[in-house]
Amino acid sequence: MQTDFPLFPDQASSFALQVDALYFGILALCVFFALLVVILVVIFAIKYQRKSDDEVPRQIAGHLGLEIFWTAIPAVLALGVFVWATVLYFHLITPPPNAMEMYVVGKQWMWKLQHPEGKKEINELHVPLGESVRLTMTSEDVLHSFYIPAFRVKKDVVPGRYTNLWFKATQVGSYHLFCAEFCGTEHSRMIGTVHVLEPQDYEAWLTGGTANEPIEVAGERLFEQYACHTCHKMDGTGRGPSLAGLFGKTVALEGGGTALVDEAYIRESILNPSAKVMAGYKPIMPTFKGQISEEGIIQLIAYIKSLKVPELTSME
Amino acid sequence: MADHALHHDHPHGLAHQFEDMPQQKESAVIGMWSFLITEILFFGGFFATYLIYRSYYPEAFFEGSSHLDIPMGAFNTIVLIVSSLTMAMAVHKSHEGNKRGILVYLTLTGILGLTFLVVKYFEYSAKIEYGLVPGLAWHPHGENSPQLALFYSLYFGMTGMHALHMIIGIGLLIWVFVKAAQGTYTAEYNAPVEIFGLYWHFVDIVWIFLFPLLYLLGTQGGGH
Amino acid sequence: MADDHHGPTVRIYLAVFASLMFLTALTVWVAFQDLGMFNDVVALGIACTKATIVILFFMHVKYASRLTWLLAGAGILFLLILFAFAMADYVSRGWLGMPASHYLQ
Amino acid sequence: MAITEQDVQASEDAPSVNYLNNGYGLKSWLLTKDHKRIAVLYIISISIFFALGGLFASLVRFELMTPEGDLMSSDTYNKVFSMHGIIMVFFFLVPSIPATIGNFLVPIMVGAKDLAFPRINLLSWYVYVVAGILGTIAVVGGGVDTGWTFYTPYSSTYSNSNVILAAMAAFMAGFSSILTGLNFVVTIHTMRAPGMTWFRLPLFVWSHYATSIIMLLGTPVIAITLVLLMLERGFGFGFFDPNLGGDPVLFQHLFWFYSHPAVYIMILPSMGVMSEMVAAVARKRVFGYEFVAFSSVAIAILGFLVWGHHMFVSSQSTYAGMVFSIITFLVAVPSAIKTFNWTATLYKGSIVYDTSMFYVYGYLGLFLVGGLTGLFLSSMGLDIHLHDTYFVVAHFHYIMVGGQVMGYLGGMHFWWPKITGKMFPDICGKISALLVFLGFNFTFFPQFILGYMGMPRRYHVYPEEFQILNVASSLGASLLALGYLVPGVYLTWSIFKGPKAPDNPWGAKGLEWETTSPPPTFNFEETPVVTEEAYQYGQIEEH
Ligand code: HEA
Ligand code: HEA
Ligand code: CUA
Ligand SMILES: [Cu+2]
């Protein structure tokens, strides 16, 4: 996949080119200023070498115009770079709406990854070429950082919280996956490989090997195992609200305020139900903290996401 | 040694590096203020943490606060304000070079400082008894229990750091007292009393903020 | 450095003391009134007033050189910077509606 | 000349009693209140820590010669780079110039007999020593493996190493630097000699003033942060613990509130050194004096508004990141002003090719690369890729080692005759400057490439394709080590065997060159009266 002595990383995602363009842009700017200063001081050293021991050069106090000039020019250029880099940043963090969802749990010292179809991997990630993939990530212990140099993407993985990252692979091949945030003894071995496959190969890979149950099926099983369904009935007749079609909605909370139902909100509802109570309900839901693993929660989330509203009736 | 490098009379209390008393006094006051700046930011780290968690977990903070003893906190506030007054009076007396005045007011200040610490001791004991000390003796089990631990960590951190400053303050007070008793301070040379006063007032100010932030926010029963 | 001798008088000290006591009583009383979110605002406002009074009179800043004002001001300014910029992160998390910004548990 | 009669050691042109021979014996040093002696104590102690930190650096470079972890275990490696970072930052770089050259020169440059609080100055050294001992105990007793950044929750809950001791050591080192900064602020405000107005102060003093501002305003926040960390780790209090709803990222905010401004503690003093040396090398007034002076203060203040640029990928909010990013770009501007003014100072100067000149040029080159690569990192879109890679490692070594250490060494050479009263061989000075410059580039330039290729930092083992560049870097490091050893040798030699230094060997301007080499105990025989601006090498033309 690489020559023996590479000096530049692979460009294997849709933003690699844009990031590299920014890199070379700033590089040009920096080389310009560095050369400017270096050439000037070298010329001065040659031209104004001290001729005699009691030579006293003309004393120049300063020059206001010059000062303004060399304050303003770098400031303007720097602001230009800022705009460029920030626009790119927004692009880098905003996934397209149709992106495939995958889940990542980091723990000392491995990456646990899961596909929407339920296939699980450790330290390996298979993704289809040309598809946008959005990762939802969390950590079981300390900070980690999910880093694929060839894709120019990186994001810290934080315990107690979900972070996201997305990319679109543009080149078939295998690439490094690193943990970039120091996380203890085997930090440098918390590495893996990202395999970019042609879509049909990806399909084949998905279906090959062990039969997998889709992630939301696993979630459904947990939903029953933990007796969630006793309160959350599909038709809304249970003691808890129906969860169908809930994902992505904004719900009203007891005591005023609203909340957007996203992954983090569901996670909170499971681990600390009384933190945000849906309007019209009593805070009777027990906490499942310490009973369901991070992976289990992710499966439950996927299940709740998959629930469609049976027949359109607006929810209170 | 080489004191003859100074070619003028050497007033009482003037250190060798200074030219005259006003310069020395100005330096002392500015030095103390510079130190207080660092103290402001030192406590600032606590207050920033408090601010952020408070805005995230208002309920837990209300709940935590409602277990604190307002009468004791209010009493201690009053004790500290009175001690600030006596401290200000001690400084005032030192400007007059009134040794007896300094000693009397320093004594009062010291007693009030100790009173504060004694009350604090009782408050802490009660918390330990009820198991409200995160990590060491922690009993709450409710839904908010984790965030309650954040509140109590901040409570003990902040009041503990404040109490530590009080203890240091009382140590310094004793030192100033001894010097004053030896008759060191005159109408011209009294910078140590003055800058110690600055320190004492600063510690008082910290408490002025701690009291409402920690004790008083639980009075509304946890909801608006 | 004439300012030492123009420090506050005992009467001023007593007045300052009285107002501090009054404000302490006020802050306790107000805490038991239900003002909604204004409870916090009022409590902090009173605390700031008290602190200002102590700084100006007990700590003689009102009578002190410009430099002392500058130092006291710098301490407070940078404290506010710490608060403001750290809070800026916490407040604006979630403006993009991304889960990353949500707190858990 | 009112000098004590005793201790007269005959010598015609120099006064017999100076700060060095005024009292012998350990006690006269350990209980001294003389800022110059305290500076010497500091020089000795920070040199020890530099050697220790350098030793750890060498271990890092040895290990990274091969992709496998063959020299040491992962745990050992983690401890080695952590202790390298902690020692270098807290025990060497922060005190490097301020506590040594600054301690020695600031009072002299403002025309005072000593710092405002000599006893506090000595206390600061003792606090530093105690901190150093604590740090050493932490190292000897098993080390610490959190990195110099102490990020939670690893440091508070998961690490099995001596985090509390190391944090305590850093806490105390911070306290010592607060005391130094406090002394400088007061001294510069109240103890300037008659006629020494603010705009006659040497730029070295301005930059130390700016440094002190940061020490006073920033250091307490790292202190409290470390206290919180120690409470959390030691007592099980919760401040950053995600299990309690605490936020590990909050630790980063508090940490960088100090540690970003602290990087300016680590560069401003050397900028001051450069201003003095550029003027002396070119025999010219520093171009745009006021702008250079104010840019120091601007760096100090703006430097407090950018800490979030270390947290672009930490899950900090995007909007906060944007604010931090834009201000970071702006804080680069005062550095640009300085660079251009130094360049302009050389214009039509009378440039002498001596050791100082070599160090000035070396500094300029390395600082430029270091500073400019900061622009890559402050670009949000690019930092996503570069964060926590060797690109960052290269960036900060260019500034901290190429900048501040180069400035420290340059300054040591420049003021060596003043401090010790002895001259060193000029040719040796030039060779050492060249060695350091070459070795440095050899060591750290490959790391930029490694970083862009994606090699993460703090990696004990790494993929094979990174090996060649790593080997290059390790080879360079041995050259660099040589570059640091050489001055140690001939400077030590000069103390015993070097020729006596004249009062003003470089023909430079400044109060320190008007007193004797080495200066008398109270710096001047008589309080100087200042009548001219700094760097009056000749009549100044206004434009
Ligand atoms: C002495 C120490 C020092 C100094 C002075 C600086 C100065 C700067 N630093 Fe650096 N930095 C560090 C030490 C230092 N840094 C350290 C230790 C880290 C890593 C910490 C860790 O994680 O362990 C770090 C990390 C770091 C990061 C975080 C990277 C990451 O972890 O992802 C960033 C991001 O913005 C950054 C930016 C800058 C900038 C913009 C400057 C600017 O101040 C530089 C200004 C100078 C110039 C720009 C050169 C001169 C100018 C010109 C010649 C004119 C042309 C200029 C323009 C066109 C603007 N630094
Ligand atoms: C002042 C600061 C400073 C200085 C001077 C240096 C100096 C050097 N540093 Fe380092 N470095 C840091 C601050 C500094 N560093 C920091 C803050 C980190 C981050 C740590 C972290 O991630 O937490 C870091 C990390 C760091 C890394 C990355 C480690 C990793 O991420 O895995 C590397 C790798 O090459 C490195 C190398 C070097 C080298 C080769 C030198 C050389 O310049 C050193 C050369 C000096 C010598 C070799 C000593 C010379 C003296 C002698 C030879 C005397 C002999 C000794 C005895 C007799 C006892 N440093
Ligand atoms: Cu996980 Cu580093
Ligand atoms: Cu920074």
Side-chain angles (χ1 to χ4, degrees), chain A residues 2 5-7 9 19 22-23 26 30 33-34 37-38 40-41 44-45 48-50 55-63 67 70-71 74-75 78-79 81-82 85-86 88-89 92 141-143 145 149 152-156 158-160 163 176 178 180-189, chain D residues 74-75 147 151 153-154 158 242 248 283-285 287-289 291 313-315 322 325-326 329 332-333 336-337 339-340 343 346-352 361 364-365 368 372 375-376 379-382 384-385 387-388 449 453-454 456 458-461 463 465 468 537-543:
Chain A
Q2 269 142 342
F5 184 35
L7 292 173
V19 173
L22 176 60
Y23 173 69
I26 304 178
C30 292
F33 276 103
V37 173
V38 168
L40 279 178
V41 294
F44 293 163
Y48 306 118
Q49 187 179 355
R50 190 173 297 176
E55 184 185 39
V56 176
R58 244 177 75 210
Q59 300 292 313
I60 308 167
H63 189 288
E67 300 287 349
W70 63 45
T71 306
L79 290 185
V81 175
F82 165 76
T86 307
L88 176 60
Y89 181 84
L92 292 181
D141 36 46
V142 300
L143 298 174
S145 192
R152 314 285 188 274
V153 292
K154 177 185 296 127
K155 187 83 180 188
D156 278 8
V158 186
T163 54
H176 287 301
F178 291 130
E181 185 65 75
F182 181 68
C183 54
T185 311
E186 300 293 348
H187 161 62
S188 65
R189 290 195 177 88
Chain D
S74 316
D75 266 327
Y151 275 11
Y154 184 68
Y158 291 84
R283 216 172 252 180
K284 232 172 125 239
R285 183 176 199 264
F287 191 89
Y289 169 98
F291 289 89
V313 302
S314 70
S315 79
M322 279 170 65
S325 171
I326 192 167
F329 278 107
V333 173
I337 296 178
T339 313
F340 295 134
T343 310
L346 294 172
Y347 173 67
K348 292 202 169 166
S350 162
I351 300 173
V352 61
Y361 272 61
L364 263 181
L368 261 178
L372 290 169
L375 301 178
F376 292 74
S379 310
M380 294 174 85
L382 198 49
I384 289 188
H385 178 50
H387 174 72
D388 269 342
I449 305 172
M453 288 202 314
R458 300 169 171 178
Y459 260 32
H460 165 233
V461 296
E465 68 262 26
I468 297 180
Y537 285 91
Q539 203 47 50
I540 292 179
E541 284 173 32
E542 289 298 336
H543 254 267

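Residue numbering restarts at 1 for every chain, and letters A, B, ... go by the order of the sequence lines.
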Handout entry: Side-chain donor/acceptor of Gln59(A) to backbone N/O of Arg283(D), under 3.5 Å
Key =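 Flag set: sc Gln59(A) to bb Arg283(D) pair under 3.5 Å.
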
Exercise for the section: Return yes if some donor-acceptor pair links the side-chain N/O of Lys154(A) with the main-chain N/O of His387(D) below 3.5 Å, else return no. Expected result: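 Yes; judged by distance alone, with no hydrogens or angles, the pair exists.
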
Problem - Plane angle bin for Phe287(D) and Trp70(A) - parallel if under 30°, tilted between 30 and 60°, otherwise perpendicular - result: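 Rings of Trp70(A) and Phe287(D): tilted, 30 to 60°.
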
Name the region of [X], side chain, backbone, both or neither, that has any atom closer than 4.5 Å to a heavy atom of chain A.
| X | value |
| --- | --- |
| Val461(D) | both |
| Ala336(D) | side chain |
| Ile337(D) | both |

Practice task
Give a yes-or-no answer on whether the side chains of Ser314(D) and Asp156(A) include a donor-acceptor pair shorter than 3.5 Å.
Solution key: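 No, Asp156(A) and Ser314(D) have no side-chain donor paired with an acceptor closer than 3.5 Å.
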
Under 4.5 Å from any heavy atom of chain D, what part of [X] do you find: side chain, backbone, both or neither?
| X | result |
| --- | --- |
| Gln49(A) | both |
| Val153(A) | backbone |
| Cys183(A) | backbone |
| Ile26(A) | both |

Problem - Side-chain touch Asp388(D)/Glu181(A), heavy atoms, less than 4.5 angstrom - result: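 Asp388(D) vs Glu181(A): side chains touch.
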
Exercise for the section: For residues Leu40(A) and Tyr347(D), determine if any side-chain heavy atom of one lies less than 4.5 Å from a side-chain heavy atom of the other. Expected result: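 They are not in contact (no side-chain heavy atoms under 4.5 Å apart), so the answer is no.
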
Practice task
Quick one: list whatever passes side-chain hydrogen bond (donor to acceptor under 3.5 Å, both in side chains) with Ser350(D), sequence neighbours left out.
Solution key: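 In terms of side-chain hydrogen bond (donor to acceptor under 3.5 Å, both in side chains), with neighbours along the sequence ignored, Ser350(D) is linked to Arg50(A), Glu55(A).
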
Handout entry: Listed partners of Tyr151(D) passing ring-ring contact (aromatic ring centres under 6.0 Å, His included), at least two apart
Key =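 Listed in chain order: nothing, the list is empty.
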
Handout entry: Leading residue by heavy atom contact count with chain A [cutoff under 4.5 Å; candidates Leu346(D), Leu364(D), Thr339(D)]
Key =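 Greatest number of close heavy-atom pairs with chain A: Leu346(D).
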
